[in-house]
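This one's a predicted model, so the numbers in the text were calculated from it and none came from an experiment. The figures here come from the full heavy-atom set of this structure, side chains too, leaving out hydrogens, waters and symmetry mates.
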Amino acid sequence: MRLLCTGLILLMLQWTEVFCSSEWLTEETEVRRATAGLVSGVQNEGEFHLGSLVRQIYRTHMDGCHTLLVKDGNYNGIFNSVLRSLRETFIPEAILDLEFVSLDPTSKLLLDLKRGEKEVICRVFLIDMTGSSNISQVIQFMDSIHLFLIPHTHLLFIGPREFVQETLMDEALWNTVQAFYLVLQGDDEDGHDSTIKPSLSKEKSGSLSRMASKDYEKIKTVTIYKRCFLCNNGELGIHPVQEWNPARELPKIHHLFDEPFRNMLGHRLNIVNLDWYPFVDFVRDSDEVATTVTPMDSLDVRMLRAISKALNFTFQIRVPWDEQWGTSTESGNWTGMIGTLQHHKADFAMSVSYLTGRMKVVDYSRIYVSEPIVMVMAKSRPRPPYMALIQPLQGAVWATVLLSTITAGVVYWALQLGWKKISGRKVRSLETLIFHTWSILFEEPPPVLPENISGQMFIGWWWVYCTLITVVYKSSLIAHLSVPGKSSAIDSFEQLLKMDGWTWGFENPHDAAWEWFKTNENPTIKRIYENMEIQGYEEQMKRLLTSNHVLITWKYRVMSIIASFYTNKFGYAPTYFGQTEYFNYGGYGWAFRKNAPFLPAIDLMKQRLIEAGLINQWVKEMLGKPKVEPCSTEGNCKTNAEKSFLSSVEVKDEKVVLSLHHLQSVFFVLLLGFNCALLAFIGEFAINLCH
C-alpha cells in the first residue's frame, strides 16, 4: 500500500512540474477543467512510441522553435503521451485548449498570439485532433490568428485520416510550407490511400466517422502526410511521405523538411507590373483592363528569365486594373500594383521603390539598383539675336557710358563758357558740344577743335577714354557674336523657385516619387509640390522644348525616353539634366505579397546575379539605350530614335563667324536712327512753319 501511494504521489508531482512550467492560454475560470482532462489519460506502449516519433521530428527539424500545443476535443492518452515525450526535449511555451478559448479575432488572447510571432525566429503549432468530431474549431483558430501571415511556421497535426484533406488544403495554410499530418490507424482500418487529391472545399457532408480514444490504445500504423506546394505537377497537393509501425524502429525523417523551392517544377507565378523602360518593358496583349502582356528585353525581364530558368518556374505578367503603381489611401488600402499585392491577388511585382508605408503591406527583396529624381529642361538657349549689340557690356556699364558722355558734353560747354567771359569770343551751344562728345565716342572727330588750351586738354583726355571704351566693346562684341551667350542653367529646386516665369511638372501622381513629394516636410519640396503640374510625358516634353518649363522625373526612365524619341541621328539631344539629384529612397526591389514562401529562394538567386556582376553589366547596357519596337511581319525592327522628329535636323559643316542672323540688331539700330532723324526733320519743319 505504501509503495502504491508513493508512486501516485510521484506521478502527481511529475505532472505538476509540467503544468507549472508551461503557460496556459485557457480562460482562468476553466483552468481546472483543462488540468483535470490532461491527467485523465493512460500510458501504453503504442502511445509511448507515438510520442517518440513526434519528439524525433521536433529534435530533427524544429529544435529551438517557439512551440504552442493546441488541443481540440476530448482529452486522451495520445495527447498525454506526446506531451510526456516532448518534455524530455523542451518545456512547451504555451498550451491552448480550443474548447475553453474564445476564437474571436479581436480577443486579447489571439491578438497576443499574432503579436508574439514577430518576436520569434520560428514557431511550431502541434495540434492534436484525435478527440475531435470535426475540424471547424481548428480551421477557425488558424483563420483567427491569420496563420497565412505568420512566417516560418511549422504545423504538425495528429488525428484521423478523414481530416487530412480538409486540414492540409485549407486556405489558412496558404503560405505555410512545412505542414504535416500524422494519421493514426488502429485495428478497424484497412490500409490507406497512396495519394489524396486536393480539394479546397470546407463543406462537410454527413457525419464523419472517427476513432474514439479507446481505439488508439493499440496503434497499428502511423502515416505521415505532407502538404506539398509543388509535388502535384507544380501545384499544391497532399502526399504520403512516410509510414511507420510502432513495432519497428523509428524511421529516418531527415527528408521531410526538404526545401521545396529549389525546383518549382514549372509552377506558375503571377506578376503584376507596369511598363517602366529600361527596367520593365512589354507589349500589351489586348486593350482590356488588367490584360496580360508579352515581356520585351529590359533589365528586370532579363533577371526574371534567368531566375525562372534556375528555379524552374513559369510566370504570367498582367497590368494592374487601375494602371497605377500604388499610393496609400485614407482607408489604409493601396492602389495599383501595391494594392494588388496587399490583397494577395498576385505573387510579386518588379522594379518597385522602397517606401516605409509600403513595407507594411508587402515584403521586399534585396535592392539591385537605385534611380534618383532629377530635373530635365531644355539646354541653355542663346540669347535673342536682337540683343547681340548690347550683350558685350553689362547694363551698369552702358548706363555709366551714357551718363559720362552727357556729363562730358556739359563740362566741355562750361569750359567754353568760361573762356567766352575771358576772351569775349563766341562759343557753340550746349547741344552742339554734347554731340561733339558723342561723335568722339563713335570714332568721328569733331568738325572744329577748341582754340583754348583747357578745351583742347579736355578733348584729348576724352579721346583717350573713348578709345579704351571702343576697344573693349569691339573685342567683346566679336567674342559674343562668335560664341553667343546662353541663359543660366538650373541645377536645384532652390534655383528653380528663384527663377521668374518658370513652371515645372510631374507625369505620374501614383508612384513612389509622388508619395515622397506628398509627405515631405522640407519647405522647398513642399513649395515645389504645391505648384506641380500633372501632365503626360509627351505634353511635358513639348513644353520643355518650347518654353521655360522643367520636367521632374526619374533619371534612368527619362534618359531612355530621350534616347528613344528626342535624339537625332547624330546623337544630339536638346535636353539638360540638373546637377542635384533627389529622393534617396534606397533603390528598387521586387515587392512580394506578405510572407510569400518562395521569396527567399528568388532573393537568393538575385543575390547570385548581383555577385556575378550580371546586373551591373545589364544596367550599363540598358541605360540610355533606345527602346526597340516589336518586329513587323517582314522582320523590320526599328528604334523609336530612327523615327524621331529631331532626326530630320541637318547639321551644317560651314564655319561662319558672323552672319546676318548675328548682326540683325545692328540693322535694327540703323533703322531706328533713320526714323529718329525723320521725326526730327518733321519737327523742325513744323516749327519753321509756325514762325
- request: Could you tell me whether the side chain of T437 reaches within less than 4.5 Å of the side chain of V411, counting heavy atoms only?
  value: no
- prompt: Considering only heavy atoms from C-beta outward, does the side chain of L299 approach that of P278 to under 4.5 Å?
  reply: no
- prompt: Just by distance, do the side chain of R358 and the backbone of Y364 share a donor-acceptor pair under 3.5 Å?
  reply: no
- prompt: Can you tell if the side chain of D603 reaches within under 4.5 Å of the side chain of Q607, non-hydrogen atoms only?
  reply: no
query: Under a 4.5 Å cut-off applied to non-hydrogen side-chain atoms, are V401 and L441 in contact?
result: yes
query: Heavy-atom count around R527 CZ within 6.0 Å, excluding the residue itself: above 12?
result: no
message: Any side-chain to backbone donor/acceptor pair from K379 onto A573? Under 3.5 Å, distance only.
response: yes
task: Could you tell me whether a side-chain N or O of D281 sits under 3.5 Å from a main-chain N or O of M296, the two making a donor and an acceptor?
output: no
message: When you measure from the side chain of Y582 to the backbone of F493, do you find a donor-acceptor pair of N or O atoms at a distance under 3.5 Å?
response: yes
- prompt: When you look at L304 and F348, which way does the side chain to side chain contact (heavy atoms under 4.5 Å, CB included) test go after all the steps?
  reply: CA-CA 11 Å; L304 178 62; F348 67 94; 3.9 Å; yes
message: Strictly distance-based, threshold 3.5 Å: is any side-chain N or O of S298 a donor or acceptor partner for the main-chain N or O of Y277?
response: no
task: For T503 and R543, test the side chains for any donor-to-acceptor distance below 3.5 angstrom and give the result as yes or no.
output: yes
task: Measure the CG-CG distance between L430 and L417 for me, rounded to the nearest 0.5 Å.
output: 10.0 Å
message: A quick test of your reading: do over 12 heavy atoms of other residues, nucleotides or ligands sit less than 6.0 Å from CH2 of W321?
response: no
message: Using the rule given for salt bridge (charged side-chain N to carboxylate O under 4.0 Å, His left out), can you reason through E621 versus R302, listing the C-alpha separation, both sets of side-chain angles and the distance that settles it, and then say yes or no?
response: CA-CA 12 Å; E621 293 176 2; R302 291 185 183 185; 2.7 Å; yes
message: For E494, give me all partners under salt bridge (Lys or Arg N to Asp or Glu O under 4.0 Å), at least two apart in sequence or on another chain.
response: none
message: I need the D322 CG to M337 CE distance, nearest 0.5 Å.
response: 10.5 Å
- prompt: Would W554 and I373 satisfy side chain to side chain contact (heavy atoms under 4.5 Å, CB included), going step by step from the backbone distance to the final call?
  reply: CA-CA 5 Å; W554 300 94; I373 292 292; 3.6 Å; yes
message: Please confirm whether the ring centroid of W325 lies under 6.0 Å from the ring centroid of W276.
response: yes
- prompt: What's the shortest heavy-atom distance between F506 and T553, and which atoms?
  reply: CE1-CA, 4.3 Å
message: If you compare all heavy atoms of K594 against all heavy atoms of D363, which two are closest, and at what distance to 0.1 Å?
response: NZ-OD1, 3.1 Å
Nearest heavy atoms of V374 and E581, plus distance in Å: CG1-CG, 3.8 Å
query: Are T294 and F282 side-chain neighbours, meaning at least one heavy-atom pair lies under 4.5 Å?
result: no
message: Given 3.5 Å as the limit, does a donor-acceptor pair link the side chain of Q324 with the main chain of T335, or not?
response: no
message: Around atom CE of M457, are there more than 12 heavy atoms from other residues, nucleotides or ligands closer than 6.0 Å?
response: no
query: Where is the tightest heavy-atom contact between T580 and S492, given as atom of each residue plus distance?
result: OG1-CB, 3.7 Å
- request: Count the heavy atoms of every other residue, nucleotide or ligand shown that sit under 6.0 Å from NZ of K360, and state whether that count exceeds 12.
  value: no
task: Would you please test F577 and I562 for side chain to side chain contact (heavy atoms under 4.5 Å, CB included) and show each step?
output: CA-CA 11 Å; F577 286 77; I562 291 173; 3.9 Å; yes
- prompt: Which value, rounded to the nearest 0.5 Å, describes the distance between M350 atom CE and I317 atom CD1?
  reply: 4.0 Å
message: For G339, is there any backbone N or O sitting under 3.5 Å from a side-chain donor or acceptor partner on N333?
response: no
task: Provide the closest heavy-atom pair for M375 versus L496 in the form atom of the first, atom of the second, distance.
output: SD-CD2, 4.1 Å
- prompt: Taking atom types as modelled, is there a side-chain donor on Y576 or D491 under 3.5 Å from an acceptor on the other?
  reply: yes
- request: Please examine the side chains of E371 and S351, heavy atoms only from C-beta on, and report whether any two atoms are closer than 4.5 Å.
  value: no
query: Can we call the ring centroids of Y465 and W462 under 6.0 Å apart?
result: yes
- request: Go through the steps for I525 and W516 under the test side chain to side chain contact (heavy atoms under 4.5 Å, CB included), then give the verdict.
  value: CA-CA 9 Å; I525 304 300; W516 178 73; 4.0 Å; yes
- prompt: Is there a side-chain contact between T340 and R318, using heavy atoms and a 4.5 Å cut-off?
  reply: no
- prompt: Can you check whether L403's main-chain N or O pairs, donor with acceptor, with T407's side chain at less than 3.5 Å?
  reply: yes
message: Counting only heavy atoms from other residues, nucleotides and ligands, does the tally under 6.0 Å from CD of E538 exceed 12?
response: no
message: Using the ring centroid of each side chain, check whether W398 and Y473 are separated by less than 6.0 Å.
response: yes
message: Salt bridge or not between E507 and R557? Use side-chain N to carboxylate O under 4.0 Å.
response: no
- prompt: When F279 is tested against each of Y588, W618, Y368 for ring pair (Phe, Tyr, Trp, His ring centres under 6.0 Å), which residue passes?
  reply: Y588
- prompt: Under the 3.5 angstrom rule, does the side chain of R593 hit a backbone N or O of K345 as a donor-acceptor pair?
  reply: no
- line: Taking every heavy atom of V272 against every heavy atom of A346, the minimum-distance pair comes out as CG1-CB, 3.9 Å
Spacing of I561 atom CD1 and Q540 atom CD [to the nearest 0.5 Å]: 11.0 Å
- prompt: Looking at CG of L497 and CE of M499, how far apart are the two atoms once the value is rounded to the nearest 0.5 Å?
  reply: 11.5 Å
task: Determine whether W413 and I434 make a side-chain contact, defined as any pair of heavy atoms from C-beta on separated by less than 4.5 Å.
output: no
message: Would you compute the distance between atom CG of D285 and atom OG1 of T291 and round it to the nearest 0.5 angstrom?
response: 5.0 Å
- prompt: Would you find a donor on one side and an acceptor on the other, under 3.5 Å apart, between the side chain of S365 and the backbone of W590?
  reply: yes
